[in-house]
Chemist: 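Let me begin by handing over the structure; questions about it come next.
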Amino acid sequence: MEPRLPGRLMLREFFEASPERVAPRLLGKLLVHRTKAGILAGRIVEAEAYLGPHNETPDPAAHSHRGPTPRNQVLFGPAGHAYVYAIYGRYFCMNISCEIEGRAGCVLLRALEPVAGGEQMARNRGLAPGAIRHGGRDLTGGPSRLCLALGLTRAVHNGLDLLDPASTLQARDDGFAVHEVMATPRIGIRHAAELPLRFALPGHPCVSGTKSFTGRRIFLR
DNA sequence: AGGCCGATCCTCT
DNA sequence: GAGGATCGGCCTA
């Protein structure tokens, strides 16, 4: 029997908007991966917006900044698809495409809180099964850590539709309510480093880089 | 707790 | 041929 997935599948319209608008509203939603080893799911607690070249505000930190290339073509396709890319030769990062087809833009997932499959996530991270400490920070706190924990790779997952009920990787909503979000500069970039396009749940243990957590509080309605 | 550094390879110019 | 949307280990306090 198919085990039931947590929450409800999200709607594509949610992602057919500016990443700046999507990213804060994505906090609290679920990323769910169906694997042979069971369901691996995490709640999104930190995300960054990367703006497409059509945008009024130039975003030279975005992979889509110079237009379509073989690597970034998913970003110019329809909303709600996974953009997974390799970084520093060893790791992957996971994004969700935004905007309508023909316009680029995405949200980088920077941290999850483990919701299902924590023991398997620990195995995927090379940690002892009982080593789920700090609310899961060691498992899924960081853009490449969460890819390792959920077993996400470019070869398998790049381009997957996260809003297809048949997909093994889905964006879902279990009704978890988020009212308050922090906005700060993005992490680890050289260009456009001052734009406040990083969003996180204030004080959440899985959020990376808690040190430089100077930013504005945003209230969602 | 915070800073520095090496690993490692793909992508684009 | 340069430069990453990173991580973990090792160093100093």
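Reckoned from all heavy atoms, side chains included, excluding hydrogens, waters and symmetry mates. To find a chain, count down the sequence lines: A is the first, B the second, and so on, and within it residues start at 1.
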Chemist: When you compare the side chains of His157(A) and His33(A), does any donor N or O come within less than 3.5 Å of an acceptor on the partner?
Modeler: yes
Chemist: Whole-Å distance between dG4(C) P and Arg66(A) CZ?
Modeler: 11 Å
Chemist: May I ask you to verify if any side-chain N or O of Arg110(A) is less than 4.0 angstrom from the OP1 or OP2 atom of dT6(C)?
Modeler: yes
Chemist: Atom CG of Leu112(A) and atom SG of Cys147(A): how far apart are they, to the nearest 0.5 Å?
Modeler: 8.5 Å
Chemist: Contacts to DNA chain C from residues 50-59 of chain A, heavy-atom cutoff under 4.0 Å, which residues?
Modeler: Tyr50(A)
Chemist: Measure the distance from CG on Leu75(A) to C1' on dT11(B) and round it to the nearest whole Å.
Modeler: 14 Å
Chemist: When the side chains of residues 77-90 of chain A are checked against the rest of the protein, which donor-acceptor pairs come out under 3.5 Å, sequence neighbours left out?
Modeler:
residue  : atom : partner   : partner atom : Å
His81(A) : ND1  : Gly159(A) : O            : 3.2
Tyr83(A) : OH   : His63(A)  : ND1          : 2.8

Chemist: What pairs of nitrogen or oxygen atoms, one from the protein and one from nucleotides 1-3 of chain C, lie under 3.5 Å apart?
Modeler:
none

Chemist: Side-chain N or O of Arg154(A) less than 4.0 angstrom from OP1 or OP2 on dC9(B)?
Modeler: no
Chemist: Determine the contact category for Ile87(A): base if any of its heavy atoms lies under 4.0 Å from a base atom, sugar-phosphate if only primed atoms, P, OP1 or OP2 are that close, otherwise nothing.
Modeler: sugar-phosphate
Chemist: Starting at CD1 of Ile187(A) and ending at C1' of dG4(C), how long is that distance when rounded to a whole Å?
Modeler: 16 Å
Chemist: For a quick check of understanding: with a heavy-atom distance under 4.0 Å over all strands, which category does Arg90(A) fall into, base, sugar-phosphate or nothing?
Modeler: base
Chemist: Looking at the side chain of Arg125(A), which of dT11(B), dC7(C), dT13(B) is the nearest nucleotide?
Modeler: dC7(C)
Chemist: By side-chain contact (heavy atoms from CB on, under 4.5 Å), which residues pair with Arg125(A), not counting sequence neighbours?
Modeler: Leu127(A), Arg145(A), Leu148(A), Ala149(A)
Chemist: Just the rounded figure in Å: distance from C1' of dC12(B) to CZ of Arg71(A).
Modeler: 8 Å
Chemist: Kindly confirm or rule out a cation-pi arrangement of Arg25(A) over Phe14(A), judged by NZ or CZ under 6.0 Å from the six-membered ring centre and within 45° of its axis?
Modeler: no
Chemist: Of all heavy-atom pairs between Ala61(A) and Ile189(A), which one has the smallest distance, and what is that distance?
Modeler: CB-CD1, 4.0 Å
Chemist: Please give me the minimum heavy-atom distance between Arg172(A) and Gln170(A), naming the atom from each residue.
Modeler: NH1-OE1, 2.6 Å
Chemist: When you get a sec, tell me which of dT6(C), dA5(C), dC12(B) is the closest nucleotide to the side chain of Leu108(A)?
Modeler: dA5(C)
Chemist: To the closest 0.5 Å, what do you measure between CG (Leu160(A)) and OG1 (Thr168(A))?
Modeler: 5.0 Å
Chemist: Side chain of Tyr88(A), base of dA7(B): donor and acceptor closer than 3.5 Å?
Modeler: no
Chemist: Keeping to residues at least two apart or across chains, list the side chain to side chain donor-acceptor pair (under 3.5 Å) pairs with something in residues 94-112 of chain A.
Modeler: Glu46(A)-Arg110(A), His54(A)-Glu99(A), Arg110(A)-Ser208(A)
Chemist: Please state how far atom CZ in Phe92(A) lies from atom P in dA5(C), giving the value in whole angstrom units.
Modeler: 15 Å
Chemist: Name the one of Glu113(A), Arg198(A), Met182(A), Arg137(A) that satisfies side chain to side chain contact (heavy atoms under 4.5 Å, CB included) with Val207(A)?
Modeler: Arg198(A)
Chemist: Mind calculating the distance between OH (Tyr91(A)) and C1' (dC10(B)) to the nearest angstrom?
Modeler: 16 Å
Chemist: dG4(C), dC12(B), dA5(C): which one has an atom nearest the side-chain heavy atoms of Thr69(A)?
Modeler: dC12(B)
Chemist: Over all strands shown, is Ala86(A) touching base, sugar-phosphate only, or nothing at heavy-atom distances under 4.0 angstrom?
Modeler: nothing
Chemist: What is the distance, to the nearest angstrom, from the NE2 atom on His191(A) to the P atom on dG4(C)?
Modeler: 6 Å
Chemist: Quick one: on DNA chain C, does Tyr83(A) or Leu148(A) contact a more 5' nucleotide (nearest heavy atom)?
Modeler: Tyr83(A)
Chemist: Given that both pair distances must be under 3.5 Å and the pair must be Watson-Crick or G-U, what runs of three or more consecutive pairs involve DNA chain C?
Modeler: B:1-7 with C:6-12, B:9-12 with C:1-4
Chemist: What is the distance from atom CG of Asn158(A) to atom CG of Leu169(A), rounded to the nearest 0.5 Å?
Modeler: 11.0 Å
Chemist: Knowing that exactly one of Arg8(A), Arg43(A), Lys29(A) qualifies, which makes a salt bridge (charged side-chain N to carboxylate O under 4.0 Å, His left out) with Asp174(A)?
Modeler: Arg43(A)
Chemist: Would you mind reading off the distance between Asn72(A) atom CG and dC10(B) atom P, rounded to a whole angstrom?
Modeler: 18 Å
Chemist: Could you see if Leu26(A) belongs to whatever hydrophobic cluster contains Phe176(A)? Use Ile, Leu, Val, Met, Phe, Trp, Tyr and a side-chain cutoff under 4.5 Å.
Modeler: yes
